[in-house]
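Some notes on the structure that comes next.
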Amino acid sequence: MSQSQAGPIRRFFVGLWNVVNFTRRLVLNLVFIGLLLLVPIFFLALIGLSSGVKPVAEQSALVIRLDGALVEQYSAHPVDRVLNQAMGQGRIETQLRDILRAIEAAKDDKRIDRIVLVTDGFQAAGFAALRDVAAALREFRAAGKQVVAYGTDMEQRAYYLAAQADEVYIDPQGAVILEGLGRYRMYYREGLQDKLGVDVHLFKVGEYKSAAEPYILDAASPEAREADLYWMGDIWNRFLDDIAAARGIERGALDAMINELPERVQAAGGDLGRLALEEKLVDGLRTGHELEQMLIERGALDEEENTFRQVDMRTYLAHMSLPNIALDKRPQVAVVVAQGEITYGQQPPGTVGGESTSALLRQAREDENVKAVLLRVDSPGGGVFPSEQIRREVELTQAAGKPVVVSMGNVAASGGYWISMNADAIYADESTITGSIGIFGLFMTGPRVLDKLGISTDGVGTTPIAGAFDPTRPLDPKVGVIIQSVIEKGYADFIGKVAEARESSPEQIDVHARGRVWSGAQAKERGLVDELGGFAAALDAAAALAKLEEGKYGVRYIERPLTAFEQLIVNMGGQARYEGVVRLLAPSMLGLDRSTAETLEQELRWLDAKARTPYRAVAHCLCDL
């Protein structure tokens, strides 16, 4: 009897204990998860605090290290970026706006005596961005302050910026190499079509639209060679003119040195550092220690660090007081960055999304404090439809009474031009790559690939074109007619919209279109851009169109930051998008090494395997250098 009475009591307490135990584990797990989430935040906070403890001292040098790629906008989330830097992983990026802001502030900062420009680690930059930084360095020098540049091996883009300095030094074992501009691409026709059996069908308008040539030819077409050499020659000549002017070297002497480089290297006994000094490209050969001692003598000794008194650019920017945009009720010019390939939907920073970039323009339009919009374009284009989505938002913003000015960065071609053409004013640097007004369609079929694997396709359809876009079947000529008609209509739309926006005629625009690429200076001569100038000139124009007084308006970048989780998902998705026949079979069947296979995959990346329709039009230019 006692046992029967104890049963339910025991069960009650056991159940109660289970509830308590579950609750305890739940609470502990939640606390543990919370700690996991907080540790990175505390870690980043400590990094931020440690970088901002030491104040900027008098007689300091601002050290600008040109690390990684010079970009308009970071392509990674801030958390990922900091962790990558801490671990030495991932792509290193420096925002153009940050360099310009630091130089501008240092120009008027009495604590900063000079800028030390370190070029080691510089990986990539467009020519328009280089010219913006060069102009800022010249203004810094015009304020009576010194710029000293130093590096080990200076490739030509790094040297372009170094040449703007009062003094340029390289390591005695270093070099300065000016080699010219080249644009060489891999061609896949024989590999794709003959070896793999992939049939590539290209539909386009315009003999100069060469983005897809590598998939149907074995070498560049005469038209591609002609057009590329024309715009590259203009950019290269300006590049050398700027260097010659900055270094006080005759342009003819600079040309002679480059053209006779093998003989001159041989005469210098293979000593590239000595050659750079003899040719007046540099002012001296110094080790890092020797440069450090020189800067101590000219500036001041940091006794704690036992080096010259200095502040790095990132720390300097952290010290600068930024206006609180949320509380700033002054009229504003909103800056929307369109950097990277133009694709469908929502896209992370570093890529232009038809929906995401349109949303940023919409946000600027609906903000009552925003009186004008500056669209900063650095894009080779991409899909026609997402480009049209963004162009429509530009029109709606103008219809709302807010002027839109486009500032073309390094590249604003094809789809990049499409999103720019309706602006109230288009500004381009003389060395911007632009134009490429044209579209194409590319469709791949692989029945011969299946033949190699012993696989065939067969079946029936209710209409003549049912299943006609199945890539496992040969392309029906009737389908080719459909696609070519769509492309021709798309091209007519493109030049028609440009003609309307530029107050011209389709026939006149067609003369300068047909997929041909121009430099910014050449585009200005042909009426495709309004003015030559960089970001600052375009910003002034936007403010003027909105009738904003100088010094009485703010500048606000409108960006949608990603969470670390979103960035993780994007990165994971990007790795799995192109598991197609070409990627699986190319390395083995073509005998490609891993590096070449990865290059092939990257070049195919812009084709976007997730096309909404197989006959969609593409406004893309593979024309960046």
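Worth saying up front: this structure is predicted, and the values here are computed from it rather than measured.
No side-chain donor-acceptor contact under 3.5 Å links E72 and Q95. Defined by atom type and a distance below 3.5 Å, a donor-acceptor pair is present between the side-chain atoms of Y160 and D242. If you check the side chains of Q398 and D424, you find a donor sitting under 3.5 Å from an acceptor. Q389 and S358 form no side-chain donor-acceptor contact under 3.5 Å, judged by distance and modelled atom types alone. Inspection of the R473 and T457 side chains reveals no N or O donor paired with an N or O acceptor under 3.5 Å. A donor-acceptor contact under 3.5 angstrom links the side chains of S75 and E93, judged on distance only.
A distance of 6.0 Å or more separates the ring centres of F203 and F440.
For the atom pair L130 CG and L70 CG, the distance stands at 7.0 Å (nearest 0.5 Å). To the nearest 0.5 Å, the span separating CG on L181 from CD on Q156 amounts to 6.0 Å. The structure places CD of Q508 at 12.5 Å from CZ of R502, a figure rounded to the nearest 0.5 Å. With rounding to the nearest 0.5 Å, the separation of CE in M421 from CZ in R391 is 5.0 Å.
Between K402 and E393 no salt bridge is recorded (no basic side-chain N to carboxylate O distance below 4.0 Å).
A tilted orientation is assigned to the rings of W418 and F494, their planes being inclined by 30° to 60°.
In this structure, the side chains of L96 and V133 come closer than 4.5 Å at one or more pairs of heavy atoms. Residues R131 and E430 have side chains in contact (heavy-atom distance under 4.5 Å, counting atoms from C-beta outward).
A 6.0 Å sphere centred on CZ of R448 holds more than 12 heavy atoms belonging to other residues, nucleotides or ligands. Counting heavy-atom neighbours within 6.0 Å of I465 CD1, excluding the residue itself, gives a total of 12 or less.
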Check your understanding: Can Y188 and D218 be said to form a side chain to side chain donor-acceptor pair (under 3.5 Å), step by step?
Key -> CA-CA 7 Å; Y188 309 113; D218 293 321; over 6 Å; no

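Between R516 and the choices K209, R526, Q522, E226, the side chain to side chain contact (heavy atoms under 4.5 Å, CB included) rule is met once, by E226.
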